[in-house]
Novice: 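Take a look at the following structure, please.
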Amino acid sequence: MAKGGVTMEGADTALAEIEPIRLRLFDWWSRYARDLPWRFGRTTPWGVLVSEVMSQQTQMSRVVPYWTAWMKVWPDAASLAAAPKAEVITAWGRLGYPRRALRLQECAQQVAGQYADRLPRDYGQLVALPGIGDYTASAVMSFAYGERIAVIDTNIRRVLSRVFLGHESTGGAASREERQLAGQVLPEDEAQESFRAEDGGLEDAGAEDSGGQEGSGRLGSADPQIRSAAWRDPPSARWNQAVMELGATVCVARKPACDICPLAGHCRFLKAGLPGLGAGRTRPRQRFAGTDRQVRGAILQALRQASGTPVSRKDLEPLCEDEIRLDRCIASLDEDGLLEIGRDGRLSLPR
DNA sequence: GTCCAGCCTA
DNA sequence: TAGGCGGGAC
């Protein structure tokens with residue numbers, strides 16, 4: 001119980017400065033937030049969900065072109081639900097972890113079939129969808145719907161832990177202390193500020209908005225005024241996004257840019273001299289070179305490039321010295337539903 | 001070499 | 001709770 005109800009003694013000092021911290025972070029956010037096309041209310045809740053799934057373990061900058069092309073072809077759950085798997089896998093391109101693409105389509109099928117093509121505005125229903133875990137469900141609730149909910153991801157854990165607790169976030173699942181802290185620092189929302197509170201909201205705002213902003217998804221080179229006009233995120237949603245953004249661009253894992261950090265004056269970690277910087281990070285990464293994952297990726301890429309023409313196993317042998325491994329990877333891709341094996345033994349993307 | 005807006009299964 | 005699962009940026 002010493003753990004449960006106990007306040008975070010160590011965080012008290014910093015928590016007392018929560019208001020100036022919020023002001024500084026919000027100001028920083030208004031100046032430096034990246035102008036990603038799914039931000040600032042320019043897409044639907046479904047579009048937000050797609051961006052979050054694509055961003056799982058993948059940097060935002062890599063996601064942007066994929067997301068833009070994807071949403072053009074499949075702007076809603078229903079259209080994605082009806083797409084051929086091969087096209088979905090191909091459109092996923094080299095984003096990595098292609099099983100995410102299949103799960104996203106399964107998710108689309110459930111949304112289209114069970115929810116009349118309207119993404120649920122309920123954490124429990126979201127988290128029950130394929131490929132949607134705690135983070136993504138929370139992110140959609142906050143970013144797409146403006147609901148007040150603490151979002152917990154690796155960036156937020158790192159930033160909050162550093163600023164308020166003065167040490168690095170631990171590996172593994174979020175600790176109880178981290179979750180409690182995230183809830184404590186989350187701003188309250190004024191009822192009237194809660195944007196998209198009314199039913200409908202921007203459910204169909206898709207891509208019209210300002211006439212002719214098509215593909216770019218940008219608002220010119222960041223006129224703060226234009227941007228802020230589009231900002232209707234309630235404080236809690238802005239906070240979640242701003243903390244994440246700070247973690248992604250300034251308060252990074254290995255070499256944080258404390259010299260330009262808006263929270264430097266309030267950061268317990270910095271004050272303490274960055275003890276154990278970079279330590280206690282998430283579990284060690286698996287190597288990629290020479291693993292099944294690399295071979296799986298190469299096989300899939302070959303199938304994409306074959307664009308529908310079945311490929312023989314023989315043609316894949318150059319991708320992998322070890323034939324045992326090659327066959328194992330083919331089998332696992334088959335099990336994952338990422339490829340099909342024809343009667344003649346040739347391989348292709350599933351239909 | 002490390003890290004990344006994680007999720008799922010055993 | 002541990003381990004599998006891409007690929008690129010730095």
Side-chain angles (χ1 to χ4, degrees), chain A residues 33-34 36 38-39 48-67 89 92-104 106-107 126-144 149-160 168-175 182 237 239-257 277-304 319 325 328-329 331-333 335-338:
Chain A
R34 289 171 292 179
L36 303 169
W38 49 83
R39 284 181 171 170
V48 172
L49 182 143
V50 172
S51 79
E52 293 302 336
V53 171
M54 286 183 169
S55 301
Q56 292 165 3
Q57 295 289 284
T58 306
Q59 290 88 341
M60 288 287 184
S61 53
R62 291 180 53 205
V63 167
V64 172
Y66 288 94
W67 183 89
I89 294 168
W92 197 258
R94 302 181 72 81
L95 269 178
Y97 296 133
R99 295 189 297 190
R100 289 184 294 169
L102 295 185
R103 294 204 188 105
L104 182 57
E106 291 165 27
C107 174
L126 288 170
V127 83
L129 292 167
I132 310 302
D134 171 70
Y135 163 73
T136 305
S138 304
V140 168
M141 289 296 284
S142 177
F143 308 159
I149 184 172
V151 174
I152 310 277
D153 84 314
T154 182
N155 285 315
I156 288 183
R157 288 177 62 190
R158 181 175 58 250
V159 172
L160 296 186
E168 292 284 35
S169 175
T170 58
S175 67
W239 171 261
N240 284 326
Q241 293 177 92
V243 176
M244 287 178 71
E245 184 86 341
L246 191 71
T249 62
V250 175
C251 191
V252 295
R254 185 63 61 173
K255 295 202 288 196
L277 175 64
R281 54 185 182 286
T282 55
R283 73 182 140 111
R285 298 274 122 186
Q286 302 173 270
R287 280 277 54 78
F288 176 54
T291 64
D292 284 9
R293 281 158 59 216
Q294 182 180 37
V295 176
R296 283 167 52 105
I299 294 170
L300 226 43
Q301 183 61 10
L303 296 187
R304 283 191 204 97
L319 299 178
R325 181 191 292 276
R328 184 171 68 233
C329 288
S332 73
L333 285 169
E335 284 174 32
D336 286 344
L338 285 165

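Naming: A, B, ... by sequence-line order, numbering from 1 per chain.
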Novice: Using a 4.5 Å cut-off on heavy atoms from C-beta on, say whether the side chain of Gln56(A) contacts that of Val53(A).
Specialist: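 Yes, close enough: below the 4.5 Å cut-off.
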
Novice: Taking all non-hydrogen atoms of both residues, which atom of Leu102(A) and which atom of Gly337(A) are closest, and how far apart?
Specialist: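 Looking at all heavy atoms of both residues, the closest pair is CD1-O, 3.5 Å.
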
Novice: Find the distance Arg100(A):CZ to dC4(B):P and express it as a whole number of Å.
Specialist: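 In whole Å, dC4(B) P and Arg100(A) CZ are 15 Å from each other.
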
Novice: Using heavy-atom distances to pick each residue's nearest nucleotide on DNA chain C, tell me which of Gln286(A) and Arg94(A) is more 5'.
Specialist: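 Upstream on the strand: Gln286(A).
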
Novice: Write down the distance between CG (Leu333(A)) and P (dC5(C)), rounded to a whole number of angstrom.
Specialist: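 To the nearest whole Å, that distance equals 9 Å.
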
Novice: So does Leu277(A) get a backbone contact from the side chain of Glu168(A), meaning a donor-acceptor N/O pair under 3.5 Å?
Specialist: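 Between the backbone of Leu277(A) and the side chain of Glu168(A) there is no qualifying donor-acceptor contact (under 3.5 Å).
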
Novice: Round to the nearest Å and state the distance from Met54(A) atom CE to dG6(C) atom C1'.
Specialist: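 Going from Met54(A) (CE) to dG6(C) (C1'), I get 14 Å.
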
Novice: With distance as the sole criterion, do the side chain of Arg34(A) and the base of dA5(B) form a donor-acceptor contact below 3.5 Å?
Specialist: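 Under the 3.5 Å cut-off, the side chain and the base do form a donor-acceptor pair.
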
Novice: In whole Å, I'd like the distance from the CG atom of Leu338(A) to the P atom of dC5(C).
Specialist: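 Value for this atom pair: 12 Å.
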
Novice: Just N and O in the side chain of Thr136(A): are any of them under 4.0 Å from OP1 or OP2 of dC7(B)?
Specialist: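 For Thr136(A), the contact criterion (side-chain N or O under 4.0 Å from OP1 or OP2 of dC7(B)) is met.
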
Novice: Counting side-chain heavy atoms from C-beta on, which of dT2(B), dA5(B), dG6(C) comes nearest to Glu52(A)?
Specialist: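 Looking only at side-chain atoms, Glu52(A) lies closest to dA5(B).
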
Novice: OP1 or OP2 of dC4(B) sitting under 4.0 Å from any side-chain N/O of Arg254(A)?
Specialist: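 Looking at the OP1 and OP2 atoms of dC4(B), neither is under 4.0 Å from any side-chain N or O of Arg254(A).
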
Novice: Quick one, Arg34(A) with Glu245(A), criterion salt bridge (Lys or Arg N to Asp or Glu O under 4.0 Å). Give me CA distance, side-chain angles, the key distance, then yes/no.
Specialist: CA-CA 8 Å; Arg34(A) 289 171 292 179; Glu245(A) 184 86 341; 3.0 Å; yes

Novice: Gly131(A) or Ala253(A): which one's nearest nucleotide on DNA chain B is closer to the 5' end?
Specialist: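 With Gly131(A) and Ala253(A) compared, the 5'-side residue is Ala253(A).
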
Novice: OH of Tyr66(A) versus C1' of dG7(C): gap in Å, rounded?
Specialist: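 Roughly 9 Å, once rounded to whole Å.
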
Novice: Taking atom P of dC3(B) as reference, at what distance in whole Å does atom CG of Leu277(A) sit?
Specialist: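 Rounded to the whole Å, the gap is 10 Å.
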
Novice: Any side-chain to backbone donor/acceptor pair from Asp153(A) onto Asn155(A)? Under 3.5 Å, distance only.
Specialist: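 Confirmed, Asp153(A) side chain pairs with Asn155(A) backbone.
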
Novice: From the set dA5(B), dC5(C), dG7(C), return the single nucleotide nearest to any side-chain atom of Arg62(A).
Specialist: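 The nucleotide sitting nearest to the side chain is dG7(C).
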
Novice: Which part of the nucleic acid, if any, lies within contact of Ile132(A), taking any heavy atom under 4.0 Å across all strands shown: a base, the sugar-phosphate backbone alone, or nothing?
Specialist: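 Touches sugar-phosphate only.
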
Novice: Would the base of dG6(C) count as contacting Thr58(A) through its side chain, where contact means a donor and an acceptor less than 3.5 Å apart?
Specialist: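 Pair found.
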
Novice: Between C1' on dC3(B) and CE on Met60(A), what's the gap in Å once rounded to a whole number?
Specialist: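 Distance, rounded to whole Å: 15 Å.
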
Novice: Which part of the nucleic acid, if any, lies within contact of Asp134(A), taking any heavy atom under 4.0 Å across all strands shown: a base, the sugar-phosphate backbone alone, or nothing?
Specialist: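 Sugar-phosphate only.
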
Novice: Given dG6(B), dC5(C), dC4(B), identify the nucleotide with an atom nearest to the side chain of Tyr135(A).
Specialist: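 For the Tyr135(A) side chain, the nearest candidate turns out to be dG6(B).
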
Novice: Taking all heavy atoms of Tyr135(A) and all of Val151(A), pick out the closest pair and write down the distance.
Specialist: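 Taking every non-hydrogen atom into account, CE1-CG1, 3.5 Å.
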
Novice: With a non-hydrogen cut-off below 4.0 angstrom, is Arg158(A) in contact with a base, only sugar-phosphate, or nothing?
Specialist: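 Result for Arg158(A) = sugar-phosphate.
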
Novice: Compare side-chain N and O positions of Gln59(A) against OP1 and OP2 of dC4(B) and report whether any pair is under 4.0 Å apart.
Specialist: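 It does not, given that no N or O in the side chain of Gln59(A) lies less than 4.0 Å from OP1 or OP2 of dC4(B).
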
Novice: In this structure, how many angstroms lie between the C1' atom of dG4(C) and the CZ atom of Arg328(A), rounded?
Specialist: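 Between C1' of dG4(C) and CZ of Arg328(A): 12 Å.
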
Novice: Out of dC4(B), dC5(C), dA5(B), which nucleotide sits closest to the side chain of Asp292(A)?
Specialist: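 Comparing dC4(B), dC5(C), dA5(B) against the side chain of Asp292(A), the answer is dC5(C).
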
Novice: Under 4.0 Å, heavy atoms only, any strand: does Arg296(A) hit a base, just the sugar-phosphate, or nothing?
Specialist: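 Result for Arg296(A) = sugar-phosphate.
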
Novice: Please report the distance separating the P of dC5(C) from the corresponding atom of dA5(B), rounded so that it comes out in whole Å.
Specialist: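 dC5(C) and dA5(B) have their P atoms separated by 22 Å.
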
Novice: Please determine whether a side-chain nitrogen or oxygen atom of Arg99(A) lies at a distance below 4.0 Å from atom OP1 or OP2 of dC7(B).
Specialist: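 So the side chain of Arg99(A) is outside the cut-off, no N or O lying under 4.0 Å from OP1 or OP2 of dC7(B).
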
Novice: Looking only at side-chain atoms of Asp153(A), point me to the closest of dC3(B), dG6(B), dG6(C).
Specialist: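 Minimum distance to the Asp153(A) side chain belongs to dG6(B).
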
Novice: Go through dC8(B), dA5(B), dG6(B) for me and flag the one nearest to the Arg103(A) side chain.
Specialist: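 Closest nucleotide to the Arg103(A) side chain: dC8(B).
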
Novice: Answer whether the closest heavy-atom distance between the side chains of Val64(A) and Ser51(A) falls below 4.5 Å.
Specialist: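 No, too far: nothing below the 4.5 Å cut-off.
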
Novice: Mind checking the P distance from dG8(C) to dC7(B)? Whole angstroms is fine.
Specialist: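 It comes out at 22 Å once rounded to the nearest Å.
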
